[in-house]
> 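Take this structure first; my questions come after.
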Amino acid sequence: MDFDDERPQQQVTGVVIITLPPSDNPSFGKTITAFTLTNDVLPQSLTTQEPDQVLPTTRVVSSPPPSSQSPQLGFSFSGFFSENPRKLLGFLGVSLFALLLYSSCFSSTFVELKNSNDNDDDDKPQSFIFPLYHKLGAADLELKLGRFVDVVDKENLVVSINGGAMETKMVNKLVAANSIVMDSSATILPVRGNVYPDGLYFTYMLLGNPQRRYFLDIDTGSDLTWIQCDAPCSSCAKGANPLYKPTKVNIVASGDSMCMEVQKNQKPQICETCQQCDYEIEYADRSSSLGVLAKDKLHLVTPNGSITNLDVVFGCAYDQQGILLNTLSKTDGILGLSKAKVSLPSQLASKGIINNVVGHCLATDVASGGYMFLGDDFVPNWGMSWVPMLGSPLIEFYHTQLVKINYGSSSLSLGAKDSNKARVVFDSGSSYTYFTKQSYAELVSSLSEVSELGFIQDASDPTLPVCWRAPFPIRTIMDVKKYFKTLTLQFGSKWWIISKKFHIPPEGYLIISKGGNACLGILDGSNVHDGSTSILGDISLRGQLVVYDNEKQKIGWGPSGCGKPSRFKSLPFFEG
């Protein structure tokens with residue numbers, strides 16, 4: 001169509017878009033849409049159609065008349081772009097890109113919903129959000145990294161099922177075992193004093209029919225979710241809620257696939273009379289949990305309020321030993337979030353309920369606690385640093401390769417014979433952070449520089465191995481933060497500019513003891529695995545949104561206030 005022939009009295013400038021009909025159905029005709037930039041408003045639509053053809057309604061967008069300009073300026077916005085419509089498209093494209101670049105560089109962590117049409121597809125995997133709480137005042141210095149160990153003499157366990165009734169026989173205590181994950185020496189770590197001030201973070205879940213609420217420590221270093229159980233219980237802490245009481249129909253049989261997964265690393269044993277799946281977990285802090293696998297209804301609430309009920313397998317734990325008896329005074333068990341098939345996220349993913357992604361944000365503010373999510377709907381697409389997950393040797397744990405540690409501008413040794421074997425485990429089940437022996441020693445040596453500022457090491461404070469008394473009263477970390485430097489863990493490359501960095505400010509490795517001292521919340525991890533593995537615990541994970549993407553095999557983090565997650569529409573070309 002020729003606008004000049006049809007309307008000679010008026011010149012039309014702008015962008016014209018011609019939409020041709022599909023080749024297999026020319027009856028749809030063609031559509032011509034004009035976006036105009038002119039000082040006059042056209043009196044009629046510029047959208048036309050070929051005669052005798054039915055077209056869908058097309059909305060014509062016309063720009064309003066610009067304000068009158070002084071002739072002395074000699075410049076018209078519409079005139080500038082009318083000569084070449086590509087200038088307008090280019091201008092709009094550059095403006096959009098600049099806006100997106102600004103947003104990604106200068107905003108806080110963006111938490112986005114990658115697909116905005118979730119409500120239209122009931123079969124799409126969902127996501128679930130859980131609130132987190134501080135376990136204030138809990139006297140627990142925990143290093144989880146749990147592993148399954150052999151349960152000997154399975155025919156004489158504490159709990160067995162006889163005609164549907166539970167009866168007590170004899171108690172077998174913790175036994176040592178070989179494991180492909182860790183050797184036995186890795187389970188012994190120096191534990192001194194009391195955890196202070198916050199301990200671990202926990203959430204709650206609704207389980208059973210009728211549903212009951214149970215508080216669980218979130219633990220990315222543990223495979224199995226377990227709850228203290230009245231089967232009956234031979235050694236249980238008081239707990240926050242009444243013990244879970246199973247029935248015969250809840251008990252998982254020894255031939256179940258989940259039982260085989262739990263017992264896959266155990267020594268082969270023949271138990272002709274076993275009707276249940278027994279397990280024992282030993283943690284790196286020498287605590288342990290003994291129980292049987294159970295199955296019951298888990299009640300999950302989606303962000304839009306709908307409820308999902310499904311069967312999940314978990315541990316019915318009737319014999320706890322060690323530090324666990326102290327930590328379970330305010331909780332009822334542990335929420336296993338590792339990569340193992342028996343973990344809760346893996347079970348939900350295998351049923352198509354979620355994509356196998358776990359995220360947590362541990363707030364530094366005691367009042368808020370933070371949140372945790374299962375599923376990938378709330379995974380940020382930018383503003384995050386991502387590193388690949390490693391497989392062996394810590395198969396089920398979330399760990400990656402570490403290339404460098406800096407305290408301020410001073411480099412610390414990694415403590416590994418082979419720099420390619422230096423690793424870091426992200427473990428929400430550990431209260432504090434652990435460095436290798438050499439890294440820890442060099443860090444303590446570097447920190448001694450605060451003595452020149454009047455800080456005196458106070459060996460009488462039992463809170464943690466290293467504490468300093470300041471030359472002035474200390475109420476919060478903010479009072480001493482400026483005297484200490486930031487720790488930086490570097491991943492991916494030794495070249496600073498292209499590497500990924502995890503920053504730990506002073507509030508991420510210091511606590512204030514009851515005596516008013518500043519204490520170092522990084523401990524000597526000499527006995528963690530082979531001595532070349534560091535562990536990032538709760539104290540250093542606070543104030544960060546941390547994501548474990550088991551689908552893409554990567555770990556990500558980004559600074560966050562850890563309030564309620566927000567939803568944004570994502571752009572596919574920014575997805576990481």
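Here the structure is a predicted model, which is why all the values come from computation and not from measurement.
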> Can you tell me if K501 has over 12 outside heavy atoms packed within less than 6.0 Å of its NZ?
yes
> Under a 3.5 Å distance rule, please check whether Q347 uses its side chain to pair with a backbone N or O of V313 as donor and acceptor.
yes
> Looking only at side chains, do S540 and T433 share a donor and an acceptor under 3.5 Å apart?
yes
> What do the steps show when you test L510 against W468 for side-chain contact (heavy atoms from CB on, under 4.5 Å), and what is the final call?
CA-CA 10 Å; L510 293 176; W468 296 273; 4.1 Å; yes
> Any chance the SG atoms on C229 and C236 come in under 2.5 Å?
no
> If you measure only the distance, is there a donor-acceptor pair under 3.5 Å linking the side chains of S289 and Q320?
yes
> With a 6.0 Å cut-off on the ring centroids, do Y318 and W226 count as close?
no
> If you measure only the distance, is there a donor-acceptor pair under 3.5 Å linking the side chains of S439 and K437?
no
> Do D278 and Q276 pair up side chain to side chain, a donor and an acceptor below 3.5 Å, judged on atom types alone?
yes
> Give the C-alpha distance, both sets of side-chain angles, the deciding distance and a yes or no for side chain to side chain donor-acceptor pair (under 3.5 Å) between D223 and S338.
CA-CA 5 Å; D223 300 343; S338 77; 2.5 Å; yes
> For a quick check under 3.5 Å, do Q321 and S288 share a side-chain donor-acceptor pair by atom type?
no
> For Y398 and N550, which I'm curious about, is there any donor-acceptor pair between the side chains at under 3.5 Å?
yes
> Taking R213's backbone N and O only, do any of them form a donor-acceptor pair with N241's side chain (distance below 3.5 Å, no angle check)?
yes
> Do we see a donor-acceptor contact under 3.5 Å between the side chains of H503 and T488?
yes
> Check whether the side chains of S428 and D219 place a donor and an acceptor atom closer than 3.5 Å, and report yes or no.
no
> Nearest 0.5 Å, please: how far is CD in E442 from OG in S413?
5.0 Å
> Aromatic rings H360 and Y548: how do their planes relate, parallel, tilted or perpendicular, breaks at 30° and 60°?
tilted
> Ignoring hydrogens and geometry, is there a side-chain-to-backbone donor-acceptor pair from T400 to P388 under 3.5 Å?
yes
> Measure the acute angle between the ring planes of F373 and F378, then classify it against the limits of 30° and 60° as parallel, tilted or perpendicular.
tilted
> Would you call K245 and D230 a salt bridge, taking side-chain N to carboxylate O under 4.0 Å as the test?
yes
> Check whether any side-chain heavy atom of L520 sits under 4.5 Å from a side-chain heavy atom of F484, and report yes or no.
no
> Is the side chain of R542 donor-acceptor paired with the backbone N or O of E507 at a distance under 3.5 Å, no angle test?
yes
> Can you check salt bridge (charged side-chain N to carboxylate O under 4.0 Å, His left out) on K264 and E396, steps first, answer last?
CA-CA 13 Å; K264 66 181 180 181; E396 311 296 359; 3.6 Å; yes
> Using only atom types and a distance under 3.5 Å, with no angle test, would you say the side chain of E551 pairs donor to acceptor with the backbone of N356?
yes
> Please confirm whether the backbone N or O of T247 pairs with a side-chain atom of N250, one donor and one acceptor, at under 3.5 Å?
yes
> Mind checking whether Y432 and Y509 have ring centres under 6.0 Å apart?
no
> State yes or no: are the ring centers of F491 and W386 separated by less than 6.0 Å?
no
> Looking only at the side chains, is there a donor atom on one of S343 and S346 sitting less than 3.5 Å from an acceptor on the other?
yes
